[in-house]
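Atoms considered below: every heavy atom in the structure, side chains included; atoms not considered: hydrogens, waters and symmetry mates. This structure is a prediction, so every number in the text was calculated from the model and none was measured.
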Amino acid sequence: MNTVVKLALAAALSATTLSGYAYAQTTSSTTPMMADDMITIVNVGEESNANTDTSSIPATYRNPSPESITKAQTEIQNDPALMATLVAKNVQLENVIGIQTAANGGKIVYTK
């Protein structure tokens, strides 16, 4: 009986540690995120013109300037690996409004 309990507990713990790691970063329900290959895509959407202080999206990306949009799109064009990942995720270059480098070296790509 003791062996069965230990086995069940080990199975439950191993399943718990593997599930949900991709959802470690979350925002509000209006800004879906998906993380894969060190790239997180944040859809700013209609929130881009909102000036709410409670938003987890930096103001730079909620109200992007034409210069920051051009800079982000140029960065994608100069990085073939980033471009390939975004194409695989069906992200169109003209929808990218900003790119931020995360603390772990990954990229956060903001789209409209």
**Student:** Run the side-chain hydrogen bond (donor to acceptor under 3.5 Å, both in side chains) test against Gln77 and tell me which residues pass, sequence neighbours left out.
**Tutor:**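 Gln77 satisfies side-chain hydrogen bond (donor to acceptor under 3.5 Å, both in side chains) with no other residue.
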**Student:** Can you list every ring pair (Phe, Tyr, Trp, His ring centres under 6.0 Å) pair that touches residues 67-109, not counting sequence neighbours?
**Tutor:** none
**Student:** If you look only at pairs with a residue in residues 76-96, which of them pass as a ring pair (Phe, Tyr, Trp, His ring centres under 6.0 Å), with sequence neighbours excluded?
**Tutor:** none
**Student:** What pairs with Ile69 under side-chain contact (heavy atoms from CB on, under 4.5 Å), at least two apart in sequence or on another chain?
**Tutor:** Pro64, Gln73, Ile97
**Student:** Identify the heavy atoms of Ser65 and Ser68 that sit nearest to each other, and give their distance.
**Tutor:** O-OG, 2.9 Å
**Student:** Between Val91 and Thr85, is there a side-chain heavy-atom distance shorter than 4.5 Å?
**Tutor:**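 The answer is no; the side chains never approach within 4.5 Å.
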**Student:** Passes side chain to side chain contact (heavy atoms under 4.5 Å, CB included), Ile99 versus Leu82? Steps please.
**Tutor:** CA-CA 11 Å; Ile99 298 177; Leu82 179 59; 4.0 Å; yes
**Student:** Which atom names give the shortest non-hydrogen contact between Met38 and Gly105, and what distance separates them?
**Tutor:**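 Heavy atoms of Met38 and Gly105 come nearest at CE-C, 4.2 Å.
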**Student:** Please list, chain by chain and in numerical order, all residues satisfying side-chain contact (heavy atoms from CB on, under 4.5 Å) with Glu94, sequence neighbours excluded.
**Tutor:**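 Glu94 satisfies side-chain contact (heavy atoms from CB on, under 4.5 Å) with Gln92 only.
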**Student:** Tell me, which pairs form a ring pair (Phe, Tyr, Trp, His ring centres under 6.0 Å) where one or both residues lie in residues 64-85, sequence neighbours left out?
**Tutor:** none
**Student:** Drop me the distance from Ile108's CD1 to Thr101's OG1, to the nearest 0.5 angstrom.
**Tutor:** 8.5 Å
**Student:** Find the distance between CG (Asn95) and CD1 (Ile41) and round it off to the nearest 0.5 Å.
**Tutor:** 11.5 Å
**Student:** Would Val44 and Lys112 count as a side chain to side chain contact (heavy atoms under 4.5 Å, CB included) if you check the C-alpha gap in whole Å, the side-chain angles of each, and the deciding distance to 0.1 Å?
**Tutor:** CA-CA 5 Å; Val44 177; Lys112 59 179 175 179; 5.7 Å; no
**Student:** Applying side-chain hydrogen bond (donor to acceptor under 3.5 Å, both in side chains), can you list everything that pairs with Glu75, at least two apart in sequence or on another chain?
**Tutor:**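 Glu75: side-chain hydrogen bond (donor to acceptor under 3.5 Å, both in side chains) contacts with Lys107.
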**Student:** With sequence neighbours excluded, what pairs up with Thr74 under the side-chain contact (heavy atoms from CB on, under 4.5 Å) test?
**Tutor:** Thr70, Asn78
**Student:** Among residues at least two apart in sequence or on other chains, which ones pass side-chain contact (heavy atoms from CB on, under 4.5 Å) with Thr60?
**Tutor:**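 Scan of Thr60 (side-chain contact (heavy atoms from CB on, under 4.5 Å), adjacent residues dropped) gives none.
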**Student:** Under the ring pair (Phe, Tyr, Trp, His ring centres under 6.0 Å) definition, can you give me all pairs with a residue in residues 93-112, not counting sequence neighbours?
**Tutor:** Tyr61-Tyr110
**Student:** Of all heavy-atom pairs between Gly98 and Ala72, which one has the smallest distance, and what is that distance?
**Tutor:** CA-CB, 3.6 Å
